[in-house]
Novice: 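One structure coming up, written as structure tokens, with questions to follow.
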Amino acid sequence: MMNSRQTLTGAQGNNGSYKWLGIALVRALIVILCVMTAVFFLIRIVPGDPAKMILGEYSTPEALKNMHHTLGLDLPLWEQFVRFMKTLFTQGDTGNSIIMGTSARELIMQRAPITLLLILIACVLAIITALLLATVAATHKDKLLDHLIRIFPAITLGMPIFWVGILLILLFSVRLGWFPVGGVGEGFTGTLRSLALPAITVAFSQIPTLVRSLRAQMLEVLESDFVVTLRAAGIPSRVILFKHVLRNSALPTLMLLGVNISYLIGGTLVVEQVFGIKGIGSLLFTSISNRDFPVIQGIALYCALSVVIISLLIEIISWWLDPRTKGKQ
Amino acid sequence: MTKLKATFRKTIGMGTLTVMFVVLLAGCSGSNNNADTSNGAQASASPAATESTSTAEPSAGGTFTYGRPASVTSFDLHNQITSNNAFAIDKVFESLVAFDSKGEIKDFLAQSHTISEDGLTYTFVLRDGLKFSNGTPVTAEDAVFSLNRHLTVEGPLAISATVESFKAQDDKTLVIKLKEPYTPFISELSNFSNGIIPNNFGGVSEEEFFKKPVGTGPFVVETWDPAGDVTFTKNTNYWQEGKPYIDKLVYKLIEDDSQAINQLKAGEVDAVEALSLQNAGEIKDGTDTTVVTNGSWVTEQLFFNTLDEHFSDVHVRRALALALDRDGLTKALTFGYAQTANSLLPTTIPYNANDTLKSLNFDAAAAKEELAKSAFPNGFSTKLLIASGNSTRAQEAQIIQAAGQAIGIKIEIESVELATFRERFFAYDFAAMLNSGQADSPEANSILAFQTDPEGFSKSYWTHYTNDNVTKLLYEGQKTPDGDARAAIYTELLQTLADEVPYIPLYYPDILIGARSSVEGLVVLPNGSIRLEDVRVSK
């Protein structure tokens, strides 16, 4: 409590903000380094030889030896690690793809737009749906609608995301033919049509927790003193709801979305596979089956970066919305 | 301190989450692999233009979209072996001779060929008016350059004959001289890896060339994403006049099995490669879909490590072979898309001796007697290694487990991820395993050299089976010209294998391609590739 009181009174001032930002950045850097180190060693523990993937499993031992040398895989592990870290810091890249020869960063950048678009649409869908459902539930507390909405998370939380995707494909694409089964269509509308079902699938995995959190927050605010006061002052309930209650309940939900971001990215990558979308997810799957180390490391790097940056942004936004939250997450 | 602790906790938390996620995906990817890829080498070649399925006047034009489980990563024909690349390379490059859907060798870019009596000189005469896709004429020098490069590169489907020289006698005549006779040579020349490329890569660098390859095949690469799709356009200089009928060919990467099936059902692709046996019925019975099929060059087998304490005993191997009802297993698992195997060689390969061979057929009493003759008359416990993610193999393993149980052999099934599976059997780290063998060309030697030569690269397919007479017969078979004498050699060899069972041939699976009913003229080759010169799509 000491901290929040100090923040409120501005005791920490700008120095405090810089210090907080500094800590956050150092923390982000540590996360990235740990992730890169762990991924580097873990994928090397998993059996499977990239040289064999290139030359085929019946390649001669000499050819394999030469390929190991070309790829630098004959060096001691620590030396490979030092090289890897050097490339990471000097070039900001994880090296060239073993299978495709091109820079891992380039490959990832080619695939990133579609994945980002999918995440964006899914987030927007999830937030809008969650807001609607939570508002209805909170304003109909303990009535039938509220119960129905509360059962929804209980059921959907247990559904595997890929299974939801397959069900949607079977119904809306194969049976009804409303949406494409997979891939990404051409043009703006084509792309949106192709991304509709995958985005719904990803959003589906986020909605239950968001609804649960938002409903609880809204109920708390609805029952708080200041709302009672507003009501007593004769402010219309619609104004109270949208202007005061929602705004005050949004923060924890936003934070929750931030915390969920790694699950969201993970879910998106899996959903890409189910819907045959050639984004980061499909690149990751291909690279893992090919043991294409630089690309796997690259994707891990960018995923970690996204998680860290988004968490940081959420922290900053939360702090801006409510200064009491600084350093409290 | 509390703040520091919280920071530390959060740092660890976020890092762990990301790492867990990547590792989890790495774990999942195993089951996503088509475990079938641990077959013997896969090869392909453009087929002879003989067996179009329709005689109606074709309607030209349109696009044919083919769903495939893996992307094309390279067009370097001399350095590749796996089907993802082979079946794209064979659309761009063609060889002097080619095999058709029955596996028969026919002249292709060559209009004729002769083999000297002593089996040492091969003379090929090229077709008139042959052109590469860029319009340059094809000469014998191009063939010399291509074959020489293949010899130098020593790729995974290397030329196994001992070549003395490749020589262009004139623009149209190529003469190949061998140091010693090697009968499988003509058949091996039909491999996609012996396709003809322009002399000196047509003046560009090697790297440039294989990024935008120029060949004589029916299709030309238009756009290519090594981690995604390939788009081909029709080669307007193609030597088979009027062909191919389609204007555009798209190889669409669909890694997920159910996604591929659904895209086929919804008509987003015209056909899908490597349809699994489990899905065949659904596609065959579909209103708009059908299954196009052909016999393959594959033999599904149960392999024994003959260095293993139990399976080094021939009586143990024979006992298990007798205990296993191969007919029942085939019927139960392959939905009518396979034949029970009686010899190591599939019926699609000459000299397979399937009809005459006396193999060990299901006989429970004889199995027990056989085990009684072994060093383990009361049975023993062992392990069976399989690659995860292939449900047919998992079921096979259970049937084998039950067969072993019946005679007192307790079999534990060990299911591991594909890459681990390969590492294990390459290191002889298995007692028994389920896998398949595949010929690269319609040649008995193709499977036999791989599975019976203990000194060869694969050490008798990592079974380390060693029988001097078998090895002697293998080398004799390579030198004996085609005919009765060669047949006799292979029959004797196969009978020895059937008696000593270093591997139990289980069945010969068919190749299944799922297609839209609107597709006509699609020909499935025994190596798993398809021929598209004659394909038409009515939309």
Side-chain angles (χ1 to χ4, degrees), chain A residues 23 27 30-31 34-35 38-39 42-43 46-49 52 55-60 63 97 99-102 107 110-111 166 169-170 173-174 177 180-183 262 265-266 269-270 273-276 278 282-291 296 299-300 303-304 307-308 311 327 329, chain B residues 3 6-8 10-12 14-19 21-30 32-33 37-38 40-41 70-71 73-74 79-82 154-157 225-229 252-256 258-260 262-263 265-266 268 417-420 422-424 426 450 457-458:
Chain A
I23 291 171
R27 197 175 64 198
I30 294 172
V31 169
C34 291
V35 168
V39 169
L42 280 173
I43 53 177
V46 180
D49 181 356
K52 225 170 242 173
L55 298 171
E57 57 186 288
Y58 302 116
S59 42
T60 60
S97 156
I99 304 292
M100 290 162 260
T102 35
L107 281 170
Q110 278 168 14
R111 300 298 194 93
I166 292 172
I169 291 175
L170 286 178
S173 305
V174 179
V181 175
S262 48
I265 293 175
L269 301 196
V270 173
Q273 193 71 3
V274 175
F275 284 89
K278 290 174 190 100
S282 107
L283 184 66
L284 180 61
F285 276 97
T286 314
S287 307
I288 288 173
S289 5
N290 287 335
R291 301 293 189 264
I296 303 172
I299 294 173
C303 282
V307 171
V308 166
S311 306
Q329 261 196 71
Chain B
K3 202 169 181 182
T7 307
F8 181 69
K10 196 172 173 196
T11 309
I12 295 281
M14 275 157 75
T16 314
L17 256 177
T18 318
V19 171
F21 168 63
V22 173
V23 173
L24 207 84
L25 279 183
C28 290
S29 83
N32 250 340
N33 267 316
T37 46
S38 54
S71 62
T73 55
S74 167
N79 266 319
Q80 296 304 317
I81 191 163
T82 47
E154 282 190 326
L157 263 180
D225 172 1
D229 303 348
K252 189 174 179 186
L253 173 67
I254 313 173
E255 289 162 304
D256 185 84
S258 63
Q259 171 68 215
N262 286 328
Q263 287 207 24
K265 285 200 272 189
E268 285 167 30
E417 195 249 357
L418 184 62
T420 313
R422 287 181 186 162
E423 295 232 337
R424 290 272 305 269
F426 283 155
F450 202 74
F457 162 61
S458 71

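Only this structure's heavy atoms are used, side chains among them; waters, hydrogens and symmetry mates stay out. Only a predicted model underlies this, so the values are computations on that prediction, with no experimental measurement involved. The sequence lines fix the lettering, A, B, ..., with proteins before strands; numbering per chain opens at 1.
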Novice: Quick check against the 3.5 Å criterion: does B:E255 have a side-chain atom that pairs as donor or acceptor with the backbone of A:F285?
Specialist: no
Novice: Chain B heavy atoms under 4.5 Å from A:S282: which part of the residue, side chain, backbone, both or neither?
Specialist: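 Contact with chain B: backbone and side chain both.
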Novice: With a 4.5 angstrom heavy-atom cut-off, could you sort out which part of B:E268 is near chain A: side chain, backbone, both or neither?
Specialist: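 The answer is the side chain of B:E268.
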Novice: A side-chain contact here means heavy atoms from C-beta on lying under 4.5 Å apart; do B:N262 and A:S173 qualify?
Specialist: no
Novice: Would you mind checking which part of B:E423 comes under 4.5 Å of any heavy atom in chain A, side chain (CB onward), backbone (N, CA, C, O), both or neither?
Specialist: side chain
Novice: So for B:T420, is it side chain, backbone, both, or neither that comes closer than 4.5 Å to the heavy atoms of chain A?
Specialist: both
Novice: Tell me whether A:K278 contacts the main-chain N or O of B:L253 through its side chain, where contact means a donor paired with an acceptor under 3.5 Å.
Specialist: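 Such a contact is found between A:K278 side chain and B:L253 backbone.
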Novice: Using a cut-off of under 4.5 Å on heavy-atom pairs, state which of A:S287, A:P180, A:G177 scores highest against chain B.
Specialist: A:P180
Novice: Below 4.5 Å, heavy atoms only, C-beta onward: do B:K265 and A:V181 meet side chain to side chain?
Specialist: no
Novice: Heavy-atom pairs under 4.5 Å with chain B: which of A:G183, A:G182, A:S97 has the most?
Specialist: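 Answer, by heavy-atom pair count under 4.5 Å with chain B: A:G182.
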